Chemist: 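My questions will all concern the structure given below.
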There are 2 protein chains.
Amino acid sequence: MLAPEAVPCCPPLTSAELSEADAVTMAAMFKALGDPVRLRLFSKVASHEGGEACVCDIQDVGVSQPTVSHHLKKLREAGLLASERRGTWVYYRVEPSVLAGLAQLLDLNR
Amino acid sequence: MLAPEAVPCCPPLTSAELSEADAVTMAAMFKALGDPVRLRLFSKVASHEGGEACVCDIQDVGVSQPTVSHHLKKLREAGLLASERRGTWVYYRVEPSVLAGLAQLLDLNR
DNA sequence: CCGCTGGATCGATGGATGTCAACATAGACG
DNA sequence: CGTCTATGTTGACATCCATCGATCCAGCGG
C-alpha cells in the first residue's frame, strides 16, 4: 500500500512538528506495530537468522493460521515486511529503509 | 496505566524476539502513536520550545476539543506524555525514558 | 491426475476506537 | 459568589479491527 521510497520522509519528532500528510504515513507504520501479535511476528522476522523467516518458522504466536496470515498482510501493506515465495514456502524479511525511517523519526542519533 | 520505570525493557528487535509480555507493553506504545491525530499532537509537544506545551498551543489539529483531550489521555496512559496543571493551563511534555526505550527497540545498531 | 501441505482469502462476529455534543470541573478575576 | 475560560468526562454512535472456521490456491511427491 505504501511506496517504500516514500519512507525516509521526516525529521526527528523533537525537531519539527509533522505535517498532516506525514503524520498519516508514519502513523500507519506505528499502527502496524501497535498490535502485540504483529509486533511479535515482526520481531521474529527481524531477529531470525539470515534476516528472513518462513511463515512456518514464526507462526507460533497463539493465534490461528488465518490470523497470522492476516497480520503478516498488514505488516506488508504498511511497508514493514516484504515477502517472497520460494517453492513451497513463503519467506518474509524486514524492509530495511522503513526501519531507518522510523529510527530517524524517533531520533536515535542522540 | 503503564509504569514509566518499566520502559527500558527490551533489546533491539533485530537481536532477539520479544517475549509475549514485552510485546504487549511495547505494542501499547506503538498503538498510541498509530493514530494521525495523536502522532501530530505528540509531535507538537516534542518539538515545542522548552520541551513542553500547553494544550492551547497544540489543539489545532482538525478535531474537536473533547477529541483532543481524549487523545492526550491516551498518550498519557501509554506513558508517552506527562501532564501538569499550572494555574489555568495544563502543560504536556514528553516522557524521555519512554522515547529512549522505543529508540532502543528500533535500534539499527550503527 | 491426486492427494497432501503451506499459506492466502472470504464471511461473519464481537469488541475496540475515533468522533462529537452536552455536561462537568477547575482556576482566575471581579 | 458568579462568571468566564481552559480542560476533562460522559454517553451515544458509526466505523474499524482482531479473530476464527471454511474455503481456496499453489507446489510438491507419488
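Letters go in sequence order (proteins before strands), and every chain restarts at 1. Keep in mind that this is a model prediction, so the values were computed, not measured. Just the heavy atoms: all of them, side chains too, but no hydrogens, waters or symmetry mates, feed the values below.
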Chemist: Taking only the side-chain heavy atoms of A/V55 (C-beta and beyond), determine which of C/dG7, C/dT9, D/dG8 contains the nearest atom.
Modeler: C/dG7
Chemist: Distance alone, cut at 3.5 Å: any donor-acceptor contact between the side chains of A/R85 and A/Y91?
Modeler: no
Chemist: Rounded off to whole Å, could you give me the CG-to-P distance for the A/L81 and C/dA8 pair?
Modeler: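 So the two atoms are 11 Å apart, to the nearest Å.
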Chemist: Between A/D57 (side chain) and A/C54 (backbone), is there a donor-acceptor pair under 3.5 Å?
Modeler: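 Checked: pair present.
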Chemist: Figure out the CH2/C1' separation between B/W89 and C/dA28, and round it to whole Å.
Modeler: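 It works out to 9 Å between those atoms.
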Chemist: Tell me the side-chain hydrogen bond (donor to acceptor under 3.5 Å, both in side chains) pairs involving residues 43-54 of chain B, sequence neighbours left out?
Modeler: A/E17-B/K44, B/E52-B/R86
Chemist: Where do A/L18 and A/A23 come nearest, in terms of heavy atoms and distance?
Modeler: CD1-CA, 4.2 Å
Chemist: Among D/dT19, D/dG27, D/dG8, which is the nearest nucleotide to the side chain of A/R85?
Modeler: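 Comparing D/dT19, D/dG27, D/dG8 against the side chain of A/R85, the answer is D/dG27.
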Chemist: With hydrophobic residues grouped by side-chain heavy-atom distances under 4.5 Å, do B/V90 and B/V68 end up in a single group?
Modeler: yes
Chemist: Measuring to OP1 and OP2 of C/dA16, would you say a side-chain N or O of B/K31 lies under 4.0 angstrom away?
Modeler: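 B/K31 to C/dA16 OP1/OP2: no side-chain N or O under 4.0 Å.
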Chemist: Measure CG/A/L41 against C1'/C/dG7 and give the value in whole Å, please.
Modeler: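 These atoms are roughly 14 Å apart.
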Chemist: Would you sort out whether A/R38 and A/K74 count as a side-chain contact (heavy atoms from CB on, under 4.5 Å), showing the intermediate values?
Modeler: CA-CA 8 Å; A/R38 277 199 296 272; A/K74 286 291 191 76; 3.8 Å; yes
Chemist: Using the side-chain hydrogen bond (donor to acceptor under 3.5 Å, both in side chains) rule, collect all pairs that involve residues 60-69 of chain A, keeping only residues at least two apart or in two chains.
Modeler: A/S64-A/T67
Chemist: Tell me: CG of B/L75 to P of C/dT17, nearest whole Å?
Modeler: 13 Å
Chemist: Find the distance B/Q59:CD to C/dC20:P and express it as a whole number of Å.
Modeler: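 For the pair B/Q59 CD and C/dC20 P, the rounded distance is 13 Å.
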Chemist: Using heavy atoms and a sub-4.0 Å distance, could you list which residues of residues 63-71 of chain B are near DNA chain C? By number, please.
Modeler: B/V63, B/S64, B/P66, B/T67, B/H70, B/H71
Chemist: Whether B/Y92 contacts D/dA6 is assessed here as follows: a side-chain N or O lying under 4.0 Å from the phosphate OP1 or OP2. Is that the case?
Modeler: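 Checking B/Y92 against D/dA6: no side-chain N or O falls below 4.0 Å of OP1 or OP2.
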Chemist: Run the side-chain contact (heavy atoms from CB on, under 4.5 Å) check on B/L72 and B/I58 step by step: do they pass?
Modeler: CA-CA 11 Å; B/L72 287 173; B/I58 59 176; 4.2 Å; yes
Chemist: Would you mind reading off the distance between A/E84 atom CD and D/dA26 atom P, rounded to a whole angstrom?
Modeler: 17 Å
Chemist: For A/R93, enumerate each residue passing the salt bridge (Lys or Arg N to Asp or Glu O under 4.0 Å) test, keeping only those at least two apart in sequence or located in another chain.
Modeler: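 With sequence neighbours excluded, A/R93 shows a salt bridge (Lys or Arg N to Asp or Glu O under 4.0 Å) to A/E84, given in chain and number order.
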Chemist: Locate the shortest heavy-atom distance separating A/G79 from A/E95; write the atom from each residue and the value.
Modeler: O-CB, 3.3 Å
Chemist: How close or far is atom C1' of C/dT17 from atom CD of B/E77, stated in whole angstroms?
Modeler: 13 Å
Chemist: When rounded to the nearest 0.5 angstrom, what distance separates CD in A/Q104 from CG in A/L13?
Modeler: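 The CD atom of A/Q104 sits 10.5 Å away from the CG atom of A/L13.
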Chemist: Considering only nitrogen or oxygen atoms on both sides, find all protein atoms under 3.5 Å from nucleotides 28-30 of chain D and state each distance.
Modeler:
none

Chemist: Would you name the heavy atoms of B/L102 and B/M29 that are closest together and state the gap between them?
Modeler: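 Heavy atoms of B/L102 and B/M29 come nearest at CD2-CB, 4.2 Å.
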Chemist: Would you indicate which nucleotide in C/dT17, D/dG8, C/dT19 comes nearest to any side-chain atom of B/V37?
Modeler: C/dT19
Chemist: For A/D35 and D/dC16, give me the distance from atom CG to atom P, rounded to whole Å.
Modeler: 18 Å
Chemist: Could you check whether A/Y91 gets within reach of a base, just the sugar-phosphate, or nothing at all, counting any heavy atom under 4.0 Å?
Modeler: nothing
Chemist: Name every residue in residues 44-51 of chain B that has at least one heavy atom under 4.0 Å from any atom of DNA chain C, in order of residue number, or write none if there are no such residues.
Modeler: none
